[in-house]
Colleague: 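First, the structure itself, so that you have it in front of you.
Chain letters run A, B, ... following the sequence lines, proteins first, then strands; residues in each count from 1.
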Number of protein chains: 2
Amino acid sequence: MTPRPDPDALGFVLIDAARLLRAAFERRIAGAGLGITPGEARTLVHAAALDGSRQLDIAQRMGIEPMTLSTYLDRLQSLGFIERRPDPADRRARLIFTTPAADALIRDVRVEQVELMTQVTAGITPEDRELVRESLKRMRANLRAIEEDQQALPLAKEAGR
Amino acid sequence: MTPRPDPDALGFVLIDAARLLRAAFERRIAGAGLGITPGEARTLVHAAALDGSRQLDIAQRMGIEPMTLSTYLDRLQSLGFIERRPDPADRRARLIFTTPAADALIRDVRVEQVELMTQVTAGITPEDRELVRESLKRMRANLRAIEEDQQALPLAKEAGR
DNA sequence: GTTTATGATAAGCTTCCCTTATTATAAGCC
DNA sequence: GGCTTATAATAAGGGAAGCTTATCATAAAC
């Protein structure tokens, strides 16, 4: 009955795996001389997938704060992998485009990613792997909903004023 | 054939989910007024599970560097949740024990953890959830093996000298 | 008994993310 | 049309979770 704390509980294992994965990815990218961090790679991939979007939209899709994204984009821009162009429809906004130089990088990142994930998922069947991916997507969606709920609560308290 | 980079690839989703989970756990623990960080909670749980071990053993079990653990333990010790006692068998080593005060905290952490994970895994069957946990454990083990391989490589290069 | 290995830790760094405050511009409202 | 409010980006600064490298004490090996 007494629920003993388990270092192998789902939450702990998830965080462990993510930490180790990030470290392994970092070593791989560094080893390949790509010169970016995992966070920058993730940003670049999202930027490429949403080419021509504004920063707010990309940030929302990535689930991070706009300011956090802005910092990543600064770095990617200084490396010549993305461009910020003014939005003709709204002079406050900038549209993000990847440069031709980014294409090769994204391909390289992708190769490292696939090779690494092949090693990491060794011993897991493709079906299970896909089930894990879907489950994690579900968890991610749940977590985003929880986040919004928690942000909504403090406002609800003040709504009475 | 051309593998387009997918923001929903397993690795990205895993890292996303872990980031959001850590943030949600942090808010929960803060909300409950427990006064520790997720990393400290993880350390405490491991320390309790391995009560009376040396720091090196705990660090290895957690998969982090001894120095990183030492910093967590400093904090947990200053809060009165763990004790460092000299190892009678080796005066270089210290043995880690949790204090009675830690018991209540661990129970509270556990409650928060269970409640949060129930929300997070909403819509996932218990069987799938267990499969995800097992798969993640497998991935974690693979990642640790990869880590060791990569550390072994540079030495292998120098072995010829 | 001297050299080498090991347990802990001090010092300082990196990555990834956050919050808060500012600035420029757009949109809504008399 | 001018005034207020909302929104896009970003400057400034901070915190959590790790890492590496160097140091010190002690143990083990030769």
Side-chain angles (χ1 to χ4, degrees), chain A residues 12 15-27 29-30 35-43 46 53-60 62-78 82 84-96 143 147 150-151 154, chain B residues 12 15-16 18-27 29-30 35-44 46 53-60 62-78 82 84-96 143 147 150-151 154:
Chain A
F12 284 145
I15 285 177
D16 281 353
R19 174 174 47 79
L20 292 167
L21 179 62
R22 175 141 58 193
F25 191 48
E26 200 165 344
R27 280 194 304 269
I29 289 190
I36 61 172
T37 67
E40 286 157 10
R42 207 166 59 93
T43 303
H46 274 92
S53 301
R54 358 175 115 182
Q55 302 191 190
L56 267 185
D57 293 337
I58 299 176
Q60 192 174 10
M62 291 179 67
I64 62 178
E65 296 302 313
M67 183 60 228
T68 303
L69 177 65
S70 189
T71 309
Y72 285 146
L73 291 177
D74 284 351
R75 172 110 176 105
L76 289 172
Q77 186 172 23
S78 79
I82 62 111
R84 286 171 161 111
R85 296 188 208 152
D87 182 349
D90 185 341
R91 276 193 291 173
R92 291 169 303 180
R94 321 272 194 99
L95 303 184
I96 306 303
L143 280 161
E147 201 168 49
Q150 286 177 335
Q151 279 169 352
Chain B
F12 285 145
I15 284 175
D16 282 351
R19 173 174 48 76
L20 292 167
L21 180 62
R22 176 142 54 192
F25 191 48
E26 200 164 345
R27 280 195 304 269
I29 288 189
I36 60 172
T37 67
E40 287 156 10
R42 207 166 58 91
T43 302
L44 190 59
H46 274 92
S53 301
R54 1 176 111 181
Q55 303 192 190
L56 267 186
D57 292 337
I58 299 176
Q60 191 174 11
M62 292 178 67
I64 63 178
E65 295 302 313
M67 183 61 228
T68 303
L69 177 65
S70 190
T71 310
Y72 285 145
L73 291 177
D74 284 351
R75 174 109 175 104
L76 289 173
Q77 186 173 21
S78 80
I82 63 111
R84 286 172 161 111
R85 297 190 206 150
D87 182 349
D90 184 341
R91 274 192 292 172
R92 292 169 304 179
R94 321 275 194 98
L95 303 184
I96 306 303
L143 280 160
E147 201 167 49
Q150 285 177 337
Q151 280 170 352

Colleague: Check whether any side-chain nitrogen or oxygen of A:R42 sits under 4.0 Å from OP1 or OP2 of C:dC16, and answer yes or no.
Modeller: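 So the side-chain polar atoms of A:R42 never come under 4.0 Å of the phosphate oxygens OP1 or OP2 of C:dC16.
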
Colleague: The side chain of B:P38 lies closest to which of these nucleotides: C:dT15, C:dG7, D:dA17?
Modeller: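 Taking heavy atoms from C-beta onward, the closest nucleotide is D:dA17.
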
Colleague: Measure the distance from CG on A:D87 to P on C:dA27 and round it to the nearest whole Å.
Modeller: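 Distance, rounded to whole Å: 11 Å.
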
Colleague: How long is the line joining CD of B:Q60 and P of C:dG7, in whole Å?
Modeller: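 That distance rounds to 10 Å.
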
Colleague: Select one nucleotide: of D:dC19, D:dT10, C:dC18, the one nearest the side-chain heavy atoms of B:T68.
Modeller: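 The closest nucleotide is D:dC19.
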
Colleague: At under 4.0 Å, does any side-chain N or O of B:R94 touch on OP1 or OP2 of C:dT9?
Modeller: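 Yes.
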
Colleague: Between C:dC16, C:dT9, D:dA9, spot the one nearest the side chain of B:Q55, thanks.
Modeller: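 Closest nucleotide among those given: C:dT9.
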
Colleague: Go through C:dC16, C:dT9, C:dC18 for me and flag the one nearest to the A:I64 side chain.
Modeller: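 Shortest atom-to-atom distance from the side chain points to C:dC18.
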
Colleague: Identify whether any heavy atom of B:R75 sits under 4.0 Å from a base atom; if not, whether one sits that close to sugar-phosphate; answer base, sugar-phosphate or nothing.
Modeller: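 If one applies the 4.0 Å heavy-atom cut-off, B:R75 turns out to touch nothing in the nucleic acid.
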
Colleague: Write down the distance between CD1 (A:I96) and P (D:dT10), rounded to a whole number of angstrom.
Modeller: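 Taking atom P of D:dT10 as the reference, CD1 of A:I96 is at 7 Å.
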
Colleague: Rounded off to whole Å, could you give me the CD-to-P distance for the A:E26 and D:dC19 pair?
Modeller: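 Going from A:E26 (CD) to D:dC19 (P), I get 11 Å.
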
Colleague: Describe the nucleic acid contact of A:T37 in one word from base, sugar-phosphate, nothing, applying a heavy-atom distance below 4.0 Å.
Modeller: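 Sugar-phosphate: the residue A:T37, judged by heavy atoms under 4.0 Å, touches backbone atoms but no base.
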
Colleague: Please tell me if A:R92 has a side-chain N or O lying less than 4.0 Å from either OP1 or OP2 of C:dT23.
Modeller: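 Result: no.
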
Colleague: D:dG18 P sits how many Å from B:L73 CG, rounded?
Modeller: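 Going from B:L73 (CG) to D:dG18 (P), I get 13 Å.
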
Colleague: Just how far, in rounded Å, is C1' of D:dA27 from CG of B:L56?
Modeller: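 Roughly 14 Å, once rounded to whole Å.
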
Colleague: Would you say A:Y72 places a side-chain N or O within less than 4.0 Å of OP1 or OP2 belonging to C:dC17?
Modeller: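 Indeed, a polar side-chain atom of A:Y72 lies that close.
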
Colleague: Could you tell me the separation between the CE atom of A:M67 and the P atom of D:dG13, rounded to a whole number of Å?
Modeller: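 Computing the A:M67:CE to D:dG13:P distance gives 12 Å.
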
Colleague: Using the side-chain contact (heavy atoms from CB on, under 4.5 Å) definition, which of the options B:D87, B:I58, B:L95 pairs with B:S53?
Modeller: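 One option only clears the test, and that one is B:I58.
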
Colleague: Could you grab the distance from atom OG of B:S70 to atom CZ of B:R84, nearest 0.5 Å is fine?
Modeller: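 Answer rounded to 0.5 Å: 5.0 Å.
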
Colleague: How close or far is atom P of C:dC17 from atom CD of A:E147, stated in whole angstroms?
Modeller: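 For the pair A:E147 CD and C:dC17 P, the rounded distance is 12 Å.
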
Colleague: Distance-only, no hydrogens or angles: does the B:R19 side chain make a donor-acceptor pair with backbone N or O of A:A18 under 3.5 Å?
Modeller: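 Checking the backbone N and O of A:A18 against the side chain of B:R19, no donor-acceptor pair under 3.5 Å is found.
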
Colleague: Can you tell me if B:R19 touches the phosphate of D:dA16, counting only side-chain N or O atoms and a distance under 4.0 Å to OP1 or OP2?
Modeller: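 Indeed not, no polar side-chain atom of B:R19 lies that close.
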
Colleague: Using heavy-atom distances to pick each residue's nearest nucleotide on DNA chain D, tell me which of B:A89 and A:L95 is more 5'.
Modeller: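 The answer here is A:L95.
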
Colleague: Between A:G63 and A:D90, name the one whose nearest nucleotide on DNA chain C is closer to the 5' end.
Modeller: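 Here A:G63 is the residue nearer the 5' end.
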
Colleague: Please give me the minimum heavy-atom distance between A:L143 and B:L21, naming the atom from each residue.
Modeller: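 The answer is CD1-N, 3.7 Å.
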
Colleague: Would you please classify the geometry between the A:H46 ring and the B:F12 ring as parallel, tilted or perpendicular, with 30° and 60° separating the classes?
Modeller: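 Judged by the thresholds at 30° and 60°, the geometry between B:F12 and A:H46 is tilted.
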
Colleague: Measure across B:Q55 and B:L69 and return the closest heavy-atom pair with its distance rounded to 0.1 Å.
Modeller: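 In this case the closest contact between B:Q55 and B:L69 is O-CD2, 3.2 Å.
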
Colleague: Indicate, yes or no, whether a donor-acceptor pair under 3.5 Å links the base of C:dT25 to the side chain of A:R91.
Modeller: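 Absent.
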
